[in-house]
Amino acid sequence: MPGARLRPVDLAREHGLSTQAVRNYEEAGILPPAARTEYGYRTYTRLHARALGAFLALVPAHGHRTATSIMCAVHRDAEDEALRLIDESHTQLLDDRRTLRAVEQALRALEPPDPTPTAHPTGTFIGPLAVRLGIRPATLRKWERAGLITPRRDPQTGYRVYSAADVRDAQLAHQLRRGGYPLEQIALLLTQVRAAGGLAPLESALNDWHARLSSRGRAMLHAAAELHTYLIARTPAADRSEPE
């Protein structure tokens, strides 16, 4: 029944939470204020249960902080603010998909290792690498300062020596810069490449990335349905538009 009284423990059990978590959510504005009995005990309704269900659906879709902000905006009757937060989260998901696509395109565009001898037995110098990529040596030095590539120094000459891994990182950086990505994002990606141990293990990471984005997209669909149901439930019947 819509008006049935529920105890904190009832909401907690329904969603696998502790009663303290339910109280914390109310205090944070995630749930509407509870009524109190004459003895000061909280009493909730099915509307509170719907609010809690909406919030718990929003968390995997938008993150805990954004989900909290969305529910607080709803309870301030700032629906436009709640919708703006949701829009921003969808935009971020789209940006993440574009980044993933750019990374995959950059990986496919990598050149095979150069079989010709270099001017150094264990790598190549800055000049030949710059020519190979079609950029200026100053650009490679800038990428080094930003942490994108980390060539070692020849102990005899002090010249930069780029290993095969450095060349790979420079190629990735070059492709992503051509795609308009900032150095900060590229640096994070290259850190992942190094942590994965190269490009081959990175394929598994990219598959996981795809799966996470798909999972988040599905979570957004579910959260939208739950939030829409809650928004309708909290709207007085007299204020609901009747179909023509």
Side-chain angles (χ1 to χ4, degrees), residues 25 28-30 50-110 133 135 139 142-143 146-149 168-196 198-234:
Y25 288 157
I30 293 168
R50 288 189 181 279
L52 184 55
F55 170 72
L56 294 177
L58 286 165
V59 170
H62 304 281
H64 194 281
R65 178 179 297 179
T66 300
T68 299
S69 297
I70 290 169
M71 294 303 294
C72 289
V74 167
H75 295 138
R76 295 196 310 271
D77 293 322
E79 187 172 315
D80 283 348
E81 173 68 9
L83 295 176
R84 181 189 65 78
L85 291 167
I86 292 171
D87 289 344
E88 288 180 352
S89 193
H90 278 278
T91 299
Q92 182 61 58
L93 178 61
L94 181 59
D95 286 344
D96 289 344
R97 290 189 185 281
R98 286 171 174 161
T99 299
L100 175 56
R101 186 164 58 250
V103 169
E104 291 175 326
Q105 291 172 346
L107 292 176
R108 287 194 295 269
L110 288 183
L133 296 178
I135 59 177
T139 300
K142 179 180 179 181
W143 291 353
L148 273 62
I149 46 179
R168 173 204 67 202
D169 292 348
Q171 287 179 325
L172 272 172
H174 183 46
Q175 292 294 332
L176 291 170
R177 284 297 286 161
R178 289 175 63 184
Y181 287 87
L183 296 180
E184 295 80 5
Q185 287 188 19
I186 298 173
L188 291 175
L189 167 67
L190 293 178
T191 298
Q192 289 181 319
V193 172
R194 297 182 192 116
L199 296 177
L202 187 62
E203 183 176 352
S204 175
L206 292 175
N207 290 335
D208 290 342
W209 193 353
H210 270 293
R212 288 196 304 272
L213 293 181
S214 295
S215 177
R216 188 177 175 199
R218 289 191 297 270
M220 285 181 171
L221 289 175
H222 175 62
E226 290 291 317
L227 182 60
H228 181 252
T229 298
Y230 175 59
L231 291 175
I232 292 175
R234 73 187 297 269

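Residues take their numbers from the sequence shown, with the count starting at 1.
- In summary, Asp87 and Arg84 do not engage in a salt bridge, as defined by a charged side-chain N under 4.0 Å from a carboxylate O.
- Atom CG of Leu100 and atom CG of Asp95 lie 12.5 Å apart (nearest 0.5 Å).
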(request) Evaluate side chain to side chain contact (heavy atoms under 4.5 Å, CB included) for Arg218 paired with Ser215, printing each intermediate quantity in order. (result) CA-CA 5 Å; Arg218 289 191 297 270; Ser215 177; 4.0 Å; yes
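- Within the model, atoms CD of Glu226 and CG of Leu231 stand 11.5 Å from one another, a figure rounded to the nearest 0.5 Å.
- To the nearest 0.5 angstrom, Ser69 atom OG is 8.0 Å from Glu81 atom CD.
- For Arg216 (side chain) and Ala61 (main-chain N/O), a donor-acceptor pair under 3.5 Å exists by modelled atom type.
- Under the 6.0 Å cut-off for aromatic ring centres, His75 and Phe55 do not qualify, their centroids lying 6.0 Å or more apart.
- Across Arg97 and Leu213, no two heavy atoms sit closer than the pair NH2-O, 3.3 Å.
- The line from CZ of Arg168 to CD1 of Ile149 is 12.0 Å long, rounded to the nearest 0.5 Å.
- With Ile70 as the partner, the side-chain contact (heavy atoms from CB on, under 4.5 Å) test is satisfied by one option alone out of Leu83, Ile30, Leu227: Leu227.
- Salt-bridge formation is not detected for the pair Arg101/Asp96: no Lys NZ or Arg NE/NH1/NH2 atom is positioned less than 4.0 Å from an Asp or Glu carboxylate oxygen.
- One finds the CZ atom of Arg212 at 12.0 Å from the CG atom of Leu93 (value rounded to the nearest 0.5 Å).
- Shown here for Leu133 and His174, the closest heavy-atom pair between the two residues is O-NE2, 3.1 Å.
- Between the side chain of His62 and the backbone N or O of Ser89, no donor-acceptor pair lies under 3.5 Å.
- Of the candidates Gln92, Arg98, His90, Leu94 forms a side-chain contact (heavy atoms from CB on, under 4.5 Å) with just one, namely Arg98.
- Residues Ala73 and Ala82 approach most closely at CB-N, 3.8 Å, considering heavy atoms.
- In this structure, Val74 and Arg234 approach most closely via the heavy-atom pair O-NH1, 3.3 Å.
- Thr68 places a side-chain N or O within 3.5 Å of a backbone atom of His64 that can act as its donor or acceptor partner.
- Rounded to the nearest 0.5 angstrom, Leu190 CG and Leu172 CG are separated by 6.0 Å.
- Contact check for Leu183 versus Arg177: side-chain heavy atoms found under the 4.5 Å cut-off.
- Across every non-hydrogen atom of Met71 and Tyr230, the tightest pair is CE-CE2, 3.9 Å.
- Taking every heavy atom of both residues into account, His222 and Ala57 meet most closely at CD2-CB, 3.6 Å.
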